[in-house]
Amino acid sequence: MFGLEALDLARIQFAFTISFHILFPAITIGLASYLAVLEGLWLKTRDDTYRDLYHFWSKIFAVNFGMGVVSGLVMAYQFGTNWSRFSDFAGAVTGPLLTYEVLTAFFLEAGFLGVMLFGWNRVGRGLHFFSTVMVAIGTLISTFWILSSNSWMQTPQGYEIVDGRVIPVDWLAVVFNPSFPYRLLHMSTAAFVATAFFVGSSAAWHLLRGRDTPAIRRMLSMAMWMALLVAPIQAVIGDFHGLNTLKHQPAKIAAIEGHWENVGNEPTPLILFGLPDMKAEKTRFAVEIPYLGSLILTHSLDKQVPALKEFPPQDRPNSTIVFWSFRVMVGLGLLMIFTGLCSLWLRRNDRLYQSRPFLHMVLWMGPSGLIAILAGWFTTEIGRQPWVVYGLMRTADASSGHSVAQMSITLVLFVVVYFALFGAGLSYMMRLVRKGPEAQEAEPSDGGPGQKRTPARPLSAANEGDDETDHNDRSNKGN
């Protein structure tokens with residue numbers, strides 16, 4: 001297929017499925033915590049705006065959660081179908097870590113998700129809030145185990161190799177491997193920032209169309225406070241993550257920088273833009289800033305950064321891709337920080353909700369967090385190549401050895417099914433976003449359990465409010 005080998009197609013297939021999947025957990029993580037904050041503020045202030053926002057975003061959360069579960073199951077099966085040699089080699093480590101994720105995070109989320117989505121008028125307020133918090137904690141625990149497994153593949157430790165297989169000997173070392181703390185913070189923060197811009201973009205869309213309500217204003221205000229506070233923190237975390245990567249995966253840093261060789265004892269310049277050429281072993285049309293590469297990556301003006309030519313050609317990541325994926329991530333991150341600063345300036349001048357240029361910027365920045373996450377994952381995963389477990393197992397030795405025809409057929413099927421299935425899901429989710437938050441009916445007088453006891457399907461949470469409204473309209477017409 002297009003001159004690609006079976007290994008290339010297997011990698012493309014996994015990249016395609018994980019690119020779809022990662023978008024849903026990222027929003028799920030952010031929305032779960034956002035819902036917990038909204039309900040907590042409603043319980044504290046009794047401001048119905050928070051309650052209305054909770055009901056609105058809980059519908060979107062339900063759809064997003066369902067698509068995340070489905071896409072995650074498909075992706076997990078590929079470890080056995082397309083990467084069976086990797087599973088045989090490292091399954092003693094990755095298998096238990098993924099099992100811990102199911103036993104802790106997924107069971108916790110599943111146990112309280114039904115109460116969260118359908119228990120607003122069925123259980124007491126305290127229990128419902130507790131359920132929302134447990135779902136939010138569950139998403140973070142899930143992130144913990146998934147990132148631990150993936151980080152171990154980047155910086156493996158706490159193992160022995162016995163009869164050609166990895167055997168864990170120190171689980172604390174396995175779980176808390178050298179890159180894990182940085183990658184956990186980086187990914188969790190990225191999910192919060194991505195959700196903030198998703199929420200802010202939704203509010204901007206409504207304000208630009210003249211729907212200026214307290215709930216819409218509150219959405220934009222909370223989103224911009226999050227962007228202002230968390231986007232700069234993400235930049236600091238990214239700096240620490242980069243220093244850790246330089247220590248444990250220097251070839252990845254060299255590829256990200258498009259840096260091919262050091263000259264004498266000269267400090268390393270920062271290449272802002274260029275076209276890395278893997279065959280010619282140079283970065284063409286490079287725009288450089290002297291000393292800045294050493295300053296950013298080593299926090300000094302005299303130390304050098306490892307160069308790609310210091311590594312054998314077969315051990316070099318594809319600089320052509322990671323050079324630009326990294327710059328997409330960083331560029332969007334700087335735009336997020338800029339957007340947060342603009343919101344602060346407009347807030348001080350009482351123009352946050354009226355400035356149409358700013359609202360248009362927030363609207364177009366809506367998918368920026370998700371695009372940055374994808375660019376970051378491409379940088380991380382392609383930068384690890386040619387290793388599937390860094391320094392232990394090459395990607396070429398990890399695949400199941402399927403034929404080109406088999407991989408081509410399955411890849412085409414994945415593309416068709418994913419765009420049809422998840423395209424419909426995303427379309428429905430965006431339709432909910434366009435509808436916007438609506439004022440809810442008054443709370444029952446007792447505010448306690450026992451108001452409704454009709455069983456419901458999980459994804460019907462997205463329709464629950466609409467069904468009630470239609471029922472009330474029909475009743476009013478009958479009267």
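Nothing fancy with the numbering, it's 1 onward along the sequence.
- Annotation: side chain of T155 is not in contact with side chain of Y390 (no heavy-atom distance under 4.5 Å).
- Under the side-chain hydrogen bond (donor to acceptor under 3.5 Å, both in side chains) test applied with T28, the options N64, T195, T143 reduce to a single match, N64.
- Proximity of the aromatic rings of Y54 and H128 is defined here by a centroid distance below 6.0 angstrom, and this criterion is met.
- Cation-pi geometry between R125 and F129 is not satisfied (NZ or CZ under 6.0 Å from the ring centre, within 45° of the ring normal).
- In this structure, CE in M329 is found 14.0 Å from CD1 in I371, a value given to the nearest 0.5 Å.
- Outside the 6.0 Å centre-distance limit, the rings of F14 and F414 are not counted as a close aromatic pair.
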Q | Candidate pair L392 and I161, rule side chain to side chain contact (heavy atoms under 4.5 Å, CB included), full reasoning | A | CA-CA 9 Å; L392 298 182; I161 296 182; 4.2 Å; yes
(Q) Run the ring pair (Phe, Tyr, Trp, His ring centres under 6.0 Å) test on F180 and F144 for me, step by step, so that the C-alpha distance in whole Å, both residues' side-chain angles and the decisive distance to 0.1 Å come before the verdict. (A) CA-CA 9 Å; F180 169 65; F144 178 95; 4.9 Å; yes
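- Looking at S71, its side chain never comes within 3.5 Å of a backbone N or O of F20 through a donor-acceptor pair.
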Q) Can V37 and L41 be said to form a side chain to side chain contact (heavy atoms under 4.5 Å, CB included), step by step? A) CA-CA 6 Å; V37 170; L41 290 172; 3.8 Å; yes
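- At a threshold of 4.5 Å between non-hydrogen side-chain atoms, the residues V102 and F107 count as touching.
- Side-chain N or O atoms of S142 include none that pairs as donor or acceptor with a backbone N or O of G138 at under 3.5 Å.
- Close placement of the Y418 and F16 rings is indicated, their centers lying within 6.0 Å of each other.
- In this structure, Y182 and F240 have parallel ring planes: the angle between them is below the 30° cut-off, well short of the 60° mark.
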Q) Checking ring pair (Phe, Tyr, Trp, His ring centres under 6.0 Å) for the pair W57/F198: CA distance, chi angles, key distance, verdict? A) CA-CA 11 Å; W57 285 107; F198 179 38; 5.6 Å; yes
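- Remark: R183 qualifies as a cation-pi partner of W377 under the 6.0 Å distance and 45° angle criteria applied to the six-membered ring.
- Remark: the backbone N or O of T81 is paired with a side-chain donor or acceptor of S400 at under 3.5 angstrom.
- Between R316 atom CZ and M278 atom CE the span is 6.5 Å, to the nearest 0.5 Å.
- A salt bridge between D397 and R85 is absent, with no side-chain N of the basic residue lying under 4.0 Å from a carboxylate O of the acidic one.
- Residues S179 and Q154 bring no donor and acceptor atom of their side chains to less than 3.5 Å of each other.
- Across all non-hydrogen atoms, the minimal contact from L97 to S149 is CD1-CA, 3.6 Å.
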